[in-house]
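See below for the structure under consideration.
Counting starts at 1 for both ligands and their atoms, in listed order.
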Amino acid sequence: MVKVPTKLVSWEEIVEWAIGLGKKIEASGWHPDMIVAVARGGYVPARLLCDYLGVTDLLSVQSQHWVEAARAAQKAIIRNAFSIDARGLRVLVIDDIVDTGETLALAKEFIGKAWGPEEVRTAALQWISPVAKFKPDYYYIEVKDWTWFQYPWTRLEDLMQFMERIFKEDERARAGLSDEELRSLFREWYGVGPEDFGSYWQLAIERLVGEGKVDFRDGKYYPSRGLLRG
Ligand code: AMP
């Protein structure tokens with residue numbers, strides 16, 4: 001059975017979803033004066049929404065909750081906080097996905113208190129309704145079964161963390177894995193194939209070897225001692 005249900009999202013889907021989200025915002029009759037991207041997941045959706053809605057002012061707030069792919073930190077925090085005067089402005093805050101909802105809820109609260117806008121509304125491409133404590137004002141897709149959405153802007157980061165987890169936690173990796181064995185374990189863990197990652201696959205494994213997390217000997221990959229200890 002797959003341990004972490006994962007779906008690879010393509011750039012084409014992102015564009016389609018962003019346009020779909022834009023249409024919903026437009027249909028509500030509300031128009032933002034300013035868009036704020038939640039760093040880092042909201043960057044691309046926010047830029048696409050600026051294009052669709054014709055918004056020039058694009059800022060960013062760094063609200064961070066998930067420190068590792070598919071593993072949440074305890075609490076969301078605002079990093080590198082700064083303040084602007086947003087009095088009289090309608091602000092739309094955007095993230096890629098609302099999972100627990102902590103990230104977007106905190107970003108909204110921060111902007112509302114620190115920037116003093118007329119109104120803050122929230123949007124996300126996806127909303128995981130059964131687990132989220134927070135419902136964005138606008139979303140394009142309602143997700144009913146929890147899935148890790150592997151967005152195109154975190155291919156390398158997610159892939160490295162996904163591989164690292166196999167080397168750390170799967171007993172079978174201790175005896176060494178050929179590239180083929182690693183590929184098949186990966187499919188077993190995540191339900192997606194290495195072929196979907198294109199050239200990122202090789203890049204990720206090379207980086208893990210370079211960082212000393214994985215050792216490569218006689219055609220096999222092993223978890224390093226440091227990785228197993230850490
Ligand atoms: P949360 O605070 O739980 O709503 O998490 C929101 C942030 O974590 C988003 O900006 C995403 O970048 C990331 N994230 C959380 N859950 C997922 C998921 N299921 N798939 C992809 N990214 C996620």
- For Tyr151, counting its heavy atoms only, list the atoms of ligand 1 lying under 4.0 Å from any of them. 21 (C), 22 (N)

- Query: Which ligand 1 atoms does Trp146 reach within 4.0 Å, using its non-hydrogen atoms?
  - Reply: 19 (N)

- Closest approach of Leu92 to Pro32 (non-hydrogen atoms, all atoms of both residues): CB-CB, 3.7 Å

Give a yes/no on ligand 1: does [X] have at least one heavy atom closer than 4.0 angstrom to it?
X      : result
Gly101 : yes
Ile128 : yes
Leu104 : no

- Message: I need the single residue from Arg172, Met163, Glu180 that forms a side-chain contact (heavy atoms from CB on, under 4.5 Å) with Leu185. Which is it?
- Response: Arg172

- Between Phe186 and Trp201, what is the ring plane arrangement, given parallel below 30°, perpendicular above 60°, and tilted in between? perpendicular

- Message: For Tyr222, does the six-membered ring have the charged nitrogen or CZ of Arg217 within the cation-pi criterion, i.e. under 6.0 angstrom from the centroid and within 45° of the normal?
- Response: yes

- Task: Between Asp96, Val98, Thr103, Thr100, flag the one that comes closest to atom 11 (C) of ligand 1 by a heavy atom.
- Result: Asp96

- Task: Answer with yes or no whether the side chains of Asp158 and Trp148 bring together a donor and an acceptor at under 3.5 Å.
- Result: yes

- Message: Any carboxylate oxygen within less than 4.0 angstrom of a Lys/Arg side-chain nitrogen, looking at Arg47 and Asp51?
- Response: no

- Message: Between Glu157 and Arg207, does any side-chain N to carboxylate O distance fall below 4.0 Å?
- Response: no

- Considering distance alone, does some N or O of Phe149 sit under 3.5 Å from an N or O of ligand 1? yes

Ligand 1-proximal atoms of [X], by part, heavy-atom distance under 4.0 Å:
X      : answer
Phe134 : neither
Asp95  : side chain
Val38  : neither

